[in-house]
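Below you'll find the structure, written out as structure tokens, and then a few comments.
Positions are given from 1 along the sequence. Keep in mind that what you see is a predicted model, and the values were worked out from it rather than measured. Heavy atoms only: backbone and side chains are in, while hydrogens, waters and symmetry mates are out.
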Amino acid sequence: QVQLVESGGALVQAGGSLRLSCAVSGRTFLNYAVGWFRQAPGKQRESVAAINWSGGLTFYADSVKGRFTISRDNAKKTAYLQMNSLLPDDTAVYFCAATTKWSMNSQAYDYWGQGTQVTVSS
């Protein structure tokens with residue numbers, strides 16, 4: 001089994017920065033790609049970013065490209081999402097998820113965290 005726990009969500013002002021963490025336990029972290037997803041009120045869950053097992057491949061949604069950076073520290077079994085230049089539209093519950101595949105399709109992800117709230121005020 002794989003367990004993921006997000007942390008770092010907070011209330012921040014537009015233009016600010018925030019770093020989300022995703023702590024992974026249970027199985028071999030190295031074998032899993034990690035994705036970040038978000039769901040805002042009244043909207044569907046959307047893919048934000050993903051990183052493969054080695055960290056050599058990354059994906060970003062167009063809406064966050066250039067502002068967000070995904071990374072992972074396999075020794076610490078933790079993935080991160082550095083969010084800069086935050087916008088009110090970034091307000092959402094952010095989830096991390098793990099999969100043995102390389103995909104941004106949420107259906108490909110087998111394990112999910114509980115989510116952490118990010119609120120960006122104008």
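Nearest heavy-atom pair across Gln82 and Ser17 is NE2-CB, 4.0 Å. The minimum heavy-atom distance linking Trp112 with Ser106 is given by the pair CZ2-O, 3.5 Å. Nearest heavy-atom pair across Ala50 and Met104 is CB-SD, 2.9 Å. Of all the heavy atoms in Ala14 and Pro88, the pair that sits closest is CB-CD, 4.1 Å. When all heavy atoms are compared, the tightest approach of Ser21 to Thr78 is CB-CG2, 4.2 Å. Scanning all heavy atoms of the two residues, the minimum distance from Leu4 to Gln114 falls at O-OE1, 3.8 Å.
Once rounded to the nearest 0.5 Å, the distance linking CD1 of Ile51 with CH2 of Trp36 reads 12.0 Å. For the atom pair Cys96 SG and Arg72 CZ, the distance stands at 11.0 Å (nearest 0.5 Å). Rounding to the nearest 0.5 Å places CG of Leu20 at 5.0 Å from CG of Leu81. Interatomic distance, Phe68 CZ to Leu86 CG, rounded to the nearest 0.5 Å: 5.0 Å. Distance check, rounded to the nearest 0.5 Å: CG of Asp110 to OG1 of Thr99 gives 5.0 Å. To the nearest 0.5 angstrom, Thr91 atom OG1 is 9.5 Å from Lys43 atom NZ.
Val93 and Val34 are not part of a single hydrophobic cluster, where members link through side-chain heavy atoms under 4.5 Å apart. Grouping the Ile, Leu, Val, Met, Phe, Trp and Tyr side chains by contacts below 4.5 angstrom, directly or via other members, places Val12 with Val64.
Between the side chain of Ser103 and the backbone N or O of Ala108, no donor-acceptor pair lies under 3.5 Å. Asn52 contributes a side-chain N or O that, together with a main-chain N or O of Gly55, makes up a donor-acceptor pair within less than 3.5 Å. A donor-acceptor pair is defined here as one N or O able to donate and one able to accept, closer than 3.5 Å; no such pair exists between the side chain of Gln13 and the backbone of Ser121.
Between Ser63 and Arg38 the shortest side-chain heavy-atom distance falls below 4.5 Å. A 4.5 Å side-chain heavy-atom check between Trp53 and Thr100 finds every atom pair outside the cut-off. Contact of the Val120 side chain with the Met83 side chain is not registered, since no non-hydrogen atoms from C-beta on lie closer than 4.5 Å. Between Val24 and Tyr111, the closest side-chain pair of non-hydrogen atoms is not below 4.5 Å. Annotation: side chain of Thr119 is in contact with side chain of Gln117 (closest heavy-atom distance under 4.5 Å).
Listed by first then second residue, pairs satisfying ring-ring contact (aromatic ring centres under 6.0 Å, His included) with a partner in residues 83-110 read Phe37-Tyr109, not counting sequence neighbours.
Scored by the side-chain hydrogen bond (donor to acceptor under 3.5 Å, both in side chains) test, Asp62 finds Lys65 as partners (sequence neighbours excluded). Arg45 pairs by the side-chain hydrogen bond (donor to acceptor under 3.5 Å, both in side chains) definition with nothing, not counting sequence neighbours.
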**Item:** Derivation and outcome, side-chain contact (heavy atoms from CB on, under 4.5 Å), residues Arg67 and Leu87
**Value:** CA-CA 10 Å; Arg67 300 188 297 118; Leu87 304 169; 3.9 Å; yes
